[in-house]
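In what follows, every chain begins at residue 1, and chains take the letters A, B, ... in the order their sequences are listed. Predicted, not measured: the structure shown is a model, and the values here were computed from it.
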There are 2 protein chains.
Amino acid sequence: MRSPRTADPRVCSIDAALKVIGEKWALLALREIAALGQHRFDDIVFNTGAPRDILAARLKSLEAAGVLQRRLYQERPARYEYHLTEAGEQLFAVLHAIRDWGDRFVRDDPENVVAFRHSCGAKLSLDMRCAACGEAVAPGDVTSHRDVRRSDIVCTKG
Amino acid sequence: MRSPRTADPRVCSIDAALKVIGEKWALLALREIAALGQHRFDDIVFNTGAPRDILAARLKSLEAAGVLQRRLYQERPARYEYHLTEAGEQLFAVLHAIRDWGDRFVRDDPENVVAFRHSCGAKLSLDMRCAACGEAVAPGDVTSHRDVRRSDIVCTKG
DNA sequence: AATTGTGGGTTCGTAAATCAAACCCACTCG
DNA sequence: CGAGTGGGTTTGATTTACGAACCCACAATT
């Protein structure tokens, strides 16, 4: 039997965040709304290629999670646009970290159709710094300090 | 009929990146490998809770995508550990942007089991700056400049 | 020699998610 | 009246994900 070691998934913010934004189409829908000025259902469908039913479900759950809010832009018939909440706005860091990485490591097609520019005029590329000390953060500079958890420590007995 | 406006998904780096790291369990597996020092199959299963078959498939595709590489750590029987490539290392920005956001906007359980610390000693929180001008980047500071694409411009005829 | 254990998967049958296409509804416009 | 628009929902087929069980090569124990 293998049973003694089934699974004990970590509780962490990455996991929590992914429950909100990690499902298929969620980040592409957010890309449209957050970075490309598309706020209507049909436009998001068109620009992402997501199936309408899935997109409807995603928008609904993103709204429920407090990332999006619907704004009435026309009564009779009632029509809504999808806009970001503060939590949604703050996803730009995630979106651009992903874009930046994709740009550097998966860019397979020579010219990228969508590009982004910082207000300073330069093509946007991110530099991540520690908010506390202001130094640039590199992969090796981060350590995980985990509060005790049986599975992390080599325990004297199972 | 609605047919004239089916879909024409944008080509962009976010989309490209998500094809690599956007499938279920991929980022949690990378969290283990990149940030929590777990490099073996069973440890990743244990700490993420991913089904073994799915995880096996993800690790395989992440390896194929050049994000991971397997390293032999024991012959007879041959056993491999999963390590990051340079592309994988650079995902720390994505991982921590997600963690940072999750920390601020979805942290539902009071105390977080896993936390991260910068080498300066502070709990890690990111500050994203424009690599070109060095200024902090806020949601509104970024504009998308898209190269011409029928769907973006209001065209004179459908 | 036979059993138990370990590490890393694969196989199985089922449950859930995704998909494309079609449909529906409330309206407006010509 | 008929067509069009915007925003979905429904349907039925296909993919994926799931957990549990299984398999394999070997090492260590009994």
Nucleotide N/O to protein N/O under 3.5 Å, stretch nucleotides 25-29 of chain D:
{"unit_1": "D/dC26", "atom_1": "OP1", "unit_2": "B/R76", "atom_2": "NH2", "d": "2.2"}

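- In this view, A/R31 satisfies the side-chain hydrogen bond (donor to acceptor under 3.5 Å, both in side chains) rule with no residue, not counting sequence neighbours.
- A sub-4.0 Å separation between OP1 or OP2 of D/dC18 and a side-chain N or O of B/W25 is present.
- Summarising the local packing, CD of A/E75 is surrounded by 12 or fewer heavy atoms from other residues, nucleotides or ligands at distances under 6.0 Å.
- In terms of phosphate contacts, A/Y82 brings no side-chain nitrogen or oxygen within less than 4.0 Å of OP1 or OP2 of D/dG6.
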Table please: side-chain donor-acceptor pairs of residues 53-69 of chain B below 3.5 Å, with sequence neighbours left out.
{"unit_1": "B/R58", "atom_1": "NE", "unit_2": "B/K24", "atom_2": "O", "d": "2.8"}
{"unit_1": "B/S61", "atom_1": "OG", "unit_2": "B/R58", "atom_2": "O", "d": "3.2"}

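- Straight-line distance from the NE2 atom of A/H39 to the C1' atom of D/dG8: 19 Å, rounded to whole Å.
- Residues forming a side-chain hydrogen bond (donor to acceptor under 3.5 Å, both in side chains) with A/R79 (at least two apart in sequence, or on another chain): none.
- Cluster partners of B/L72, using a side-chain heavy-atom cutoff of under 4.5 Å among ILVMFWY residues and allowing indirect links, are B/Y80.
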Query - Verdict with reasoning, A/I21 to A/V94, per side-chain contact (heavy atoms from CB on, under 4.5 Å) - result: CA-CA 10 Å; A/I21 57 165; A/V94 171; 4.3 Å; yes
Protein N or O to nucleotides 9-16 of chain D N or O, pairs below 3.5 Å:
{"unit_1": "D/dT9", "atom_1": "OP1", "unit_2": "A/K60", "atom_2": "NZ", "d": "3.2"}

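- Its side chain outside the 4.5 Å cluster rule for every partner, B/Y73 clusters with none of the Ile, Leu, Val, Met, Phe, Trp and Tyr residues.
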I'd like a table of donor-acceptor pairs (distance under 3.5 Å, sequence neighbours excluded) in which one partner is a side-chain atom from residues 114-127 of chain B, with atom names and distances.
{"unit_1": "B/R117", "atom_1": "NE", "unit_2": "B/G121", "atom_2": "O", "d": "3.3"}
{"unit_1": "B/K123", "atom_1": "NZ", "unit_2": "B/D103", "atom_2": "OD2", "d": "3.2"}
{"unit_1": "B/D127", "atom_1": "OD2", "unit_2": "B/R129", "atom_2": "NE", "d": "3.1"}
{"unit_1": "B/D127", "atom_1": "OD2", "unit_2": "B/R129", "atom_2": "NH2", "d": "3.2"}

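- Scored by the side-chain hydrogen bond (donor to acceptor under 3.5 Å, both in side chains) test, A/E86 finds A/Q90 as partners (sequence neighbours excluded).
- Listed by residue number, the members of residues 64-72 of chain B with any heavy atom below 4.0 angstrom from DNA chain D form an empty set.
- As a whole-Å value, the separation of A/Q74 CD from C/dC25 P is 19 Å.
- If you take CG of A/L59 and C1' of D/dG8, they are 11 Å apart, rounded to a whole angstrom.
- The salt bridge (charged side-chain N to carboxylate O under 4.0 Å, His left out) search around B/E23 returns none, not counting sequence neighbours.
- Remark: A/F41 pairs with no residue by the ring-ring contact (aromatic ring centres under 6.0 Å, His included) rule, at least two apart or across chains.
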